[in-house]
Amino acid sequence: MSEISPSIHSRATPPSYSPAQIGLHWLIAALVIFQLVFGESIKDYGHVLRDGKTPETLVWLMGNLHIWVGVAVLVLALARLGLRVARGAPAAPDALHPHLVTAMKSVYVLFYVLLIGAPLTGLAAWYLGIHISGEIHETLKPVFIVLISLHVLAALWHRFVLKDDVMARMLPTRR
Ligand code: HEM
């Protein structure tokens, strides 16, 4: 594994993710999964409000949780992106084919776009009533599911087929 050294992109390639990067990865992953599982709650809340009725406590709570967890994802993703730019990330294993490295990096870029784009489109739809924004927001759900599935399969492939350290370096136990 390489020492901390400037890469050709003038960004550092540290030998491991920092505890903050690892903590943010898992916190954001948990929040995103919560949003995907309970995402329908905001629709129920919206329907009740549109009908001019008073929402039941659970509908109110789950609807508001969707908004606040979404805002948390946005803030945490921006913090994570800042850390990523400032500190960099460990290099891909040398044995990995360059095309796979490109695919892996593309998935990460797409993840960051989604992590920032999903909350922003949701907020614009809810508070500004921009219909198309709500349509985009809903379309992002299956995109997220496909990306997460690919990402998890890739992590397991690294762990059990390639047997490299890619999975281990994102785990909190490895210090
Ligand atoms: C559910 C939402 C998830 C999102 C949005 C997500 C997103 C990301 C992103 C953007 C990165 C790149 C980090 C960087 O260099 O900036 C990453 C790395 C990583 N993720 Fe996830 N992840 C999720 C779930 C998971 C799960 C469930 C696993 C394990 C099964 C996992 C395993 C990993 C590993 C091992 C890396 C490090 C890869 C490397 O060092 O190149 N992730 N994840």
Side-chain angles (χ1 to χ4, degrees), residues 16-51 53-87 89 103-160 166-175:
S16 61
Y17 286 104
S18 70
Q21 284 175 306
I22 295 172
L24 282 170
H25 174 270
W26 292 110
L27 180 57
I28 292 171
L31 295 178
V32 167
I33 288 167
F34 176 88
Q35 295 296 70
L36 293 175
V37 173
F38 298 108
E40 296 297 311
S41 59
I42 190 77
K43 284 193 183 176
D44 300 339
Y45 185 41
H47 288 147
V48 174
L49 293 183
R50 223 165 295 129
D51 293 345
K53 295 184 186 150
T54 308
E56 287 171 22
T57 311
L58 190 61
V59 173
W60 177 88
L61 180 69
M62 292 307 288
N64 277 284
L65 264 182
H66 187 77
I67 297 170
W68 289 110
V69 170
V71 170
V73 167
L74 177 61
V75 172
L76 294 171
L78 288 173
R80 182 166 167 198
L81 188 58
L83 254 182
R84 176 71 164 78
V85 171
R87 186 177 183 276
M104 189 183 87
K105 287 184 178 168
S106 309
V107 168
Y108 293 168
V109 170
L110 213 52
F111 261 136
Y112 281 110
V113 170
L114 289 181
L115 289 172
I116 292 165
L120 285 181
T121 50
L123 288 169
W126 186 259
Y127 288 110
L128 306 177
I130 302 173
H131 182 72
I132 183 72
S133 195
E135 301 275 315
I136 296 171
H137 185 73
E138 285 195 42
T139 312
L140 295 185
K141 180 173 175 174
V143 180
F144 248 125
I145 292 173
V146 169
L147 272 193
I148 292 170
S149 308
L150 280 176
H151 184 58
V152 170
L153 285 176
L156 295 175
W157 180 64
H158 277 286
R159 172 72 185 81
F160 295 108
V166 165
M167 181 77 205
R169 65 194 188 181
M170 196 44 104
L171 296 179
T173 44
R174 185 173 187 252
R175 292 261 48 94

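Counting from 1, the numbers follow the sequence of the chain as shown. Not measured: the values here are computed from a predicted model.
- Between Ser133 and Ala124, the shortest heavy-atom distance links the atoms OG-CB, 3.4 Å.
- What you find for Gly70 and Gln35 is that their closest heavy atoms are N-NE2, 3.3 Å.
- Side-chain contact between Leu114 and Val32 is absent, with no heavy-atom pair separated by less than 4.5 Å.
- What you find for Lys141 and Leu36 is that their closest heavy atoms are NZ-O, 3.3 Å.
- For the side-chain hydrogen bond (donor to acceptor under 3.5 Å, both in side chains) with Gln21, the lone residue among Arg169, Arg80, Arg87 that qualifies is Arg87.
- In terms of heavy-atom proximity, Ala77 sits nearest to Ile116 at CB-CG1, 4.3 Å.
- What you find for Ala72 and Leu31 is that their closest heavy atoms are CB-CD1, 4.2 Å.
- Considering CD1 of Ile42 and NE2 of His47, their distance stands at 11.0 Å, rounded to 0.5 Å.
- Atoms CG and CD1, on Leu150 and Ile145 in that order, are 12.5 Å from each other to the nearest 0.5 Å.
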Walk me through whether Tyr17 and Leu83 qualify under side chain to side chain contact (heavy atoms under 4.5 Å, CB included). CA-CA 10 Å; Tyr17 286 104; Leu83 254 182; over 6 Å; no

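- With sequence neighbours left out, the ring-ring contact (aromatic ring centres under 6.0 Å, His included) criterion links Phe38 to Phe34.
- The CG atom of Asp44 lies 11.0 Å from the CG atom of Leu49; values are rounded to the nearest 0.5 Å.
- Not counting sequence neighbours, Phe144 has no partner by the ring-ring contact (aromatic ring centres under 6.0 Å, His included) test.
- The line from CD of Glu56 to CG of Leu61 is 12.5 Å long, rounded to the nearest 0.5 Å.
- The closest side-chain heavy-atom distance from Leu147 to Tyr108 is not below 4.5 Å.
- Here the CE-CD1 distance, from Met62 to Ile67, works out to 12.0 Å after rounding to the nearest 0.5 Å.
- The six-membered or imidazole ring of Tyr45 lies away from that of His66, with a centre-to-centre distance of 6.0 Å or more.
- Counting all heavy atoms, side chain and backbone alike, Val73 lies closest to Pro119 at CG1-CG, 4.3 Å.
- The distance from atom OH of Tyr112 to atom CD1 of Ile28, rounded to the nearest 0.5 Å, is 7.0 Å.
- Remark: of the listed residues Leu115, Val69, Leu120, Leu120 is the sole one forming a side-chain contact (heavy atoms from CB on, under 4.5 Å) with Leu74.
- Counting only distance, with no hydrogens or angles, the side chain of Trp26 and the backbone of Met170 share a donor-acceptor pair below 3.5 Å.
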